[in-house]
Amino acid sequence: MQRNTFPLKEHLKSKKVIEQVYANGVSVTSYPLRAIFIEQPQTEQEPTAAILINVSKKRFRHAVDRNLVKRRIREAYRTSKHTLIDTLQSQGKKIAVAIIYIDNKHNSTAFIKKKMTKLLEGILTKSSTVCENS
RNA sequence: ACAGUCGGACGGUCUGUCGCCGUUGCCGAAAGGCAAAGGAGGAAAGUCCGGGCAGCAUAGAGCACUCCACUUCCUAACAGAAAGCUGCCUGCGAAGGUAGAGUAACGCAGAAGAAAAAAACCGCCCGCAAGGGUAAGGGUGAGAAGGUGGGGUAAGAGCCCACCGGCCGUGCAGUGAUGUACGGGCCGUGUGUCUUGGAGGCUGCAAGUUCACGUAAACCGGCGCUUGAGGGUUGCUCGCCCAAGCCGGAGGGUAGAACGCUUUAGCAAUGUGGUGACACCUUGCAUAGAUGAAUGACAGACACCCUACAAGGGGUACAGAACCCGGCUUACAGGCCGACUGUCAAA
């Protein structure tokens, strides 16, 4: 049984990489979630998938609401990330992803989790096509 | 009991599963793993004041500028708090709201009104008239020569008297704002400039310190090197200090880690002083420290509230630390405690 974790190491924190993701990333949408990702060069320290969760101030004015959404997304990711990680590892790839919440209202944890599964599947199909093209 | 005023404190609890953050201990060569005890607020919010702390600056003079303003008092400090004072307003009341340095000079209100300070348009009185006297009445205005009543007079008027309001003086009470008694003279309003007293260096933890990585001390244009560019000095002027580089363009590199970073104007209790804010003594307690930013997600039970005869159904606020404190302001489901007020009932 795999453990459902999401430690700090798997967070995307480097300013440089974040800028690259937003500038050159490929986007996948599974409403109310949208992912933008790029492939990362193979290095020792980098995790298989570095994740950034973004909930804009525009959509949720209060910090309490933003925190709640972030926590639900984080929860959804850590419980459904294994398919993504395993597939990437077998392909020998590493990616950096920004997950953006694109709704103005709250959604239940169960709903977000369902959409997250779809989103991660979407990332896998998109990344393989990108690779074939290049 | 009901309705209300003021003040204070609180603002979910437990169990299970899966997670996050730093700390400590153990294991491991390392990566990491395991365990333990911890991990948002009364407003953490708005960022509106005031400090601490940090860096920079720190001969001085003049002129500006900004803020504060009843009194006493508290404090590290404040535009804050406490206890009071005076006027006005609201409430039956407990209580609440609001304003509060001064007015010598000048301006404005002044396109109203006859008149805005040594006033005569109408009216009233004297007079044949010319003219004179008059602020009771009219209308204007926020304000019309203190107000009301009486005496007085040709008619009137602080002209005289009583009471009241204001001003000045003296006594008494109070630390004081002020109150009060007596006496005096006979007394216009608002606002701005202004006057008086007090305060104000600049920048904010992205401060600042250390380490690591890396580049371009290159290129183009302008000004300057003791005949001084530029910088600092409070906004300006003077003065003073530093001074060999400075400004602009295009372009390049880094954006990692540690300290700062949580033990302090800290919180609580007893006692003492004080009406009180608060101060002092003693004792006890102390448990976030992240940095693309942790402190949670889900399920169940309980508690509370609303609704309902019941079964049941619905709801549980406002809101998330970012260097740290003291305030202010704003948001807030729900109940709790204390003091007091009004009404009703009983004794």
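Quick note on labels: first sequence line is chain A, next is B, and so on, each numbered from 1.
The side chain of Arg78(A) lies closest to C18(B), out of C18(B), A321(B), U295(B). Each of U295(B), A319(B), A297(B) was ranked by its minimum atom distance to the side chain of Val64(A); first place goes to A319(B). Of the candidates U295(B), A297(B), G296(B), A297(B) carries the atom nearest the Arg72(A) side chain, counting heavy atoms from C-beta on.
Counting only distance, with no hydrogens or angles, the side chain of Arg72(A) and the backbone of Asn107(A) share a donor-acceptor pair below 3.5 Å. Looking at Ser30(A), its side chain never comes within 3.5 Å of a backbone N or O of Leu33(A) through a donor-acceptor pair.
Atom name C1', nucleotides A142(B) and G188(B): the rounded distance is 13 Å, in whole Å. Here, C332(B) and G100(B) have their P atoms 30 Å apart, quoted to the whole Å. Only the C1' atoms considered, A111(B) is 15 Å distant from G141(B), to the nearest whole Å. When the C1' atom is compared between G289(B) and A322(B), the two are found 9 Å apart, to the nearest whole Å. Taking the P atom of each, U13(B) and A303(B) are spaced 16 Å apart, rounded to whole Å. The same atom, C1', is picked in G192(B) and in U103(B); the two are 13 Å apart, to the nearest Å. On the C1' atoms, A57(B) is 30 Å away from A258(B), given to the nearest whole Å. Look at the P atom in both G235(B) and U58(B): the space between them is 15 Å, to the nearest Å.
Nearer the 5' end of RNA chain B, as judged by each residue's closest nucleotide, is the contact made by Thr79(A), out of Thr79(A) and Ala110(A).
A close approach under 4.0 Å does not occur between any side-chain nitrogen or oxygen of Thr109(A) and OP1 or OP2 of A297(B). For the pair His62(A) and A45(B), the criterion of a side-chain N or O lying under 4.0 Å from OP1 or OP2 is not met.
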N/O contacts under 3.5 Å, protein versus nucleotides 289-292 of chain B?
| unit_1 | atom_1 | unit_2 | atom_2 | d |
| --- | --- | --- | --- | --- |
| G292(B) | O2' | Leu12(A) | O | 2.6 |

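Residues Leu68(A) and Ile53(A) are members of separate hydrophobic clusters, defined by side-chain heavy-atom contacts under 4.5 angstrom among Ile, Leu, Val, Met, Phe, Trp and Tyr.
Nucleic acid contact class of Arg71(A) (heavy atoms, under 4.0 Å, all strands): base. Contact annotation for Arg66(A): no contact, since no heavy-atom pair falls under 4.0 Å across all strands.
Summarising the local packing, NZ of Lys118(A) is surrounded by 12 or fewer heavy atoms from other residues, nucleotides or ligands at distances under 6.0 Å.
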